[in-house]
Protein chains: 2
Amino acid sequence: MSQHRQPGASGRTGAIPALPDLPEATVSRLPEYLRALHALADAGHETVSSEGLANAAGVNSAKLRKDLSHLGSYGTRGVGYDVALLVDQISSVLGLTQCRTVALVGVGNLGHALAGYDGFANRGFRIAALVDADRSRVGEVINGLVVRHVDELPQIVAEESISIGVIATPAPAAQAVADQLVAVGVTSILNFAPCVLSVPDGVDVRKVDLAIELQILSFHEHRKASLTALPATGGSALTALPGGFAATDTQEAIGT
Amino acid sequence: MSQHRQPGASGRTGAIPALPDLPEATVSRLPEYLRALHALADAGHETVSSEGLANAAGVNSAKLRKDLSHLGSYGTRGVGYDVALLVDQISSVLGLTQCRTVALVGVGNLGHALAGYDGFANRGFRIAALVDADRSRVGEVINGLVVRHVDELPQIVAEESISIGVIATPAPAAQAVADQLVAVGVTSILNFAPCVLSVPDGVDVRKVDLAIELQILSFHEHRKASLTALPATGGSALTALPGGFAATDTQEAIGT
DNA sequence: AGGTGTTTGTGAAGGGGTGCACAAATCGCG
DNA sequence: CGCGATTTGTGCACCCCTTCACAAACACCT
C-alpha cells in the first residue's frame, strides 16, 4: 500500500452505494466467495450458513462473517445468508453489474491462451480487443477477434470502453505497453510479464507471475525435504509434517 | 497458516543448511528479488545497494534489507550486496539449485500455453510430463512432449522424479486430479482451476485464478469511478496502490 | 406466547508485517 | 592512521489482519 486513505474521506453518506472502504484483504477474498456462491446456487441452495460458505471458499468461518459484515448486514441470525442476495451484493461491490471490457496486449503463447480462456466470459469480462506490437501477427484471427496493432490503441479505446488492460508480452516490451495503455486512459492493468511496471498514481497494477508461484512451492518442497531428512529433534510427528502452511494461505492467494 | 511451529523446534544448529524458518511474506518476495538480481547481473552489475535492488523489485528498501537479513548477513556495509553471491544464496534457499521437474495435467487451452511457456525453463523448472484425462488428446505432441493419459501417473513419477504438479483442467476435474497426484506422492500443487482443493496435511497447494485478479481490479476501477463522480470531499489523490499482497498480488506477487 | 436452538455480528486479544530511524560497520581518501 | 561518507542490519512503534468467544437476534416448536 503506497498510501493510507485518510480516515474520514470515505464517510460521505448520501451517495448511491456509500462505498464502505473495504480492507484490501477482504476485497481479495470477495471473488472467491462469489465463485463459491455461484456454485451453491447452481446446486440449488437458497441459503447458506457462514460455516457452509466458508468451507466452499476455503476460509475460516469467522473471517468470512467479518468480511461480509463490512458489506453490511445481509444475513439472518439463526438461518444464514440468502445466496441470491449475497451474489447481487458482492457483484455490486466488485463493480461487476456492468460487463467489463478487456484489452489484451500480446498474443504470443500466453496471450493466445488468455484470448481463448472461457473463465473470463463466465465471470463478467469480455475481451474486446487483441493487440500486438508485431505487425506480422496483425490481422490474425483468434477466437473470432482480429489482432490489431498496438498503435491503434487510441481508436480501440474510443470504440470500446476499455476498463482493464492485460499485458501478456515479453518482459522487455511490457513497460512501453503499459505507458501506451496509461496514455490512452486505462487505469487498471493486469501484468503477466515478469517485470516491475512503473505507472503514475491512480493506476492500479496487479502482477501474476507463473514462475514465482512455482518458486514458492519449490521453497516449501525444499524445506519439507530437509526436515524429513533430519533425525527428528524431539517431535516424532515429522512425517506428517504438521508444519504447515498446507491448504490455508495457499488455497487462495494470491494473497499473498 | 494452519498451525504455528513450536518455538524451539527449528533451532537445530548443525544441520547442513540450518533452515532459517523464513516469514511467509518474505518467501513470497524472494523470487522477485531473484528475478531482479538476474536482470542486474545481465546488465553487468557486480554489487547492488538495497535501494537499487528494492527499486528493481518494486519494494521498500527497508523491507528488502529485513527480508535479506533473515537469510543471514550477506551484505557489506558501505558497499551493498554482491549480486552473484546473493543469487546463489536465494537460489539455495528456494531449493532451486537442483532443476525441479513439473508434471502438467490438462492440456486444454491454458495447459497448452503453459506447456509452451518459456518462463519456466528460464528459471529452473522443467516440464517433464504432459498428462490429460481425455484419451482423444493422448499421443498429441506439444513442444516436443507427448501427452500421456492421467492413469499413467505412477509410471511417470517413477521415471522422472516429479516434485510439483500443475493442474490446468476444468474445475470439475480438478479435485480428482489432485487426489491422483497426492496418491503418487506429489506434495506440491499449483492449481489453475477455479475451485478449492482439499488435500491432506503436508501437501502444499497454491492457487492462481486469472478471473479473480480481474475482479479485484474491477473493484478498484469501480471505486475510482464512484469517487471521481463525487464532488471530492477532501482527498484528491487516489493512490496507485502499487504494493500488493502475498502471492499473486499487485506489482509483486502473489501475494499473496 | 414463551422457550429453545441455531447462527450472525462484533468486541477484544494476539500475531505478523511494515517502515522509520539510527547505530554499527566498512570503504576510500587525505 | 584517522576521518568522513555510505550503506547495512535492526530495535521499535504502529497498523492491519486473524481468531476466539460471546451476546444479540431470529426461527421454529409446543
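Letters A, B, ... mirror the listed sequences (proteins, then strands); counts begin at 1.
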Rounded to the nearest angstrom, tell me the gap between atom [atom1] in [X] and atom [atom2] in [N].
X      : N       : atom1 : atom2 : value
E51(B) : dT8(D)  : CD    : P     : 9 Å
D21(A) : dC17(D) : CG    : P     : 11 Å
E24(A) : dC17(D) : CD    : P     : 8 Å

In terms of side-chain heavy atoms of [X], which of [options] is nearest?
X      : options                   : value
P23(B) : dG17(C), dT18(D), dC20(C) : dG17(C)
S69(A) : dG9(C), dC17(D), dG19(C)  : dG9(C)
R29(B) : dA27(D), dT18(C), dG9(D)  : dT18(C)
R65(B) : dC27(C), dC20(C), dG9(D)  : dG9(D)
N60(B) : dG19(C), dT10(D), dT8(C)  : dG19(C)
Y81(B) : dG9(D), dT8(C), dG19(C)   : dG9(D)

### base_contact_polar (dT8(D) base, R77(B) side chain, donor-acceptor, <3.5 Å)
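A donor-acceptor contact between them is present.
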### Distance-only donor-acceptor test (3.5 Å): side chain K66(B), base dG19(C)
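Looking at the base of dG19(C), it does pair with a donor or acceptor on the side chain of K66(B) (distance under 3.5 Å).
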### Task
State whether E221(A) and K224(A) are salt-bridged, where the test is any N-O pair (Lys NZ or Arg NE/NH1/NH2 against Asp/Glu carboxylate O) under 4.0 Å.
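A salt bridge is present here (some side-chain N lies under 4.0 Å from a carboxylate O).
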### Task
Scan S73(B) against the nucleic acid and name what it touches under 4.0 Å (heavy atoms): base, sugar-phosphate only, or nothing.
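Sugar-phosphate, backbone atoms only, no base.
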### Query
So, is S50(A) near the phosphate of dT8(C), with a side-chain N or O under 4.0 Å from OP1 or OP2?
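Checking dT8(C) against S50(A), a side-chain N or O does come within under 4.0 Å of OP1 or OP2.
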### Query
In Å, rounded to the nearest 0.5 Å, how long is the span from OH of Y33(B) to CG of L64(B)?
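Here the rounded value is 4.5 Å.
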### Message
The test is side chain to side chain donor-acceptor pair (under 3.5 Å); show your working for D179(A) and Q175(A) and say whether it passes.
### Response
CA-CA 6 Å; D179(A) 292 343; Q175(A) 181 63 56; 2.9 Å; yes
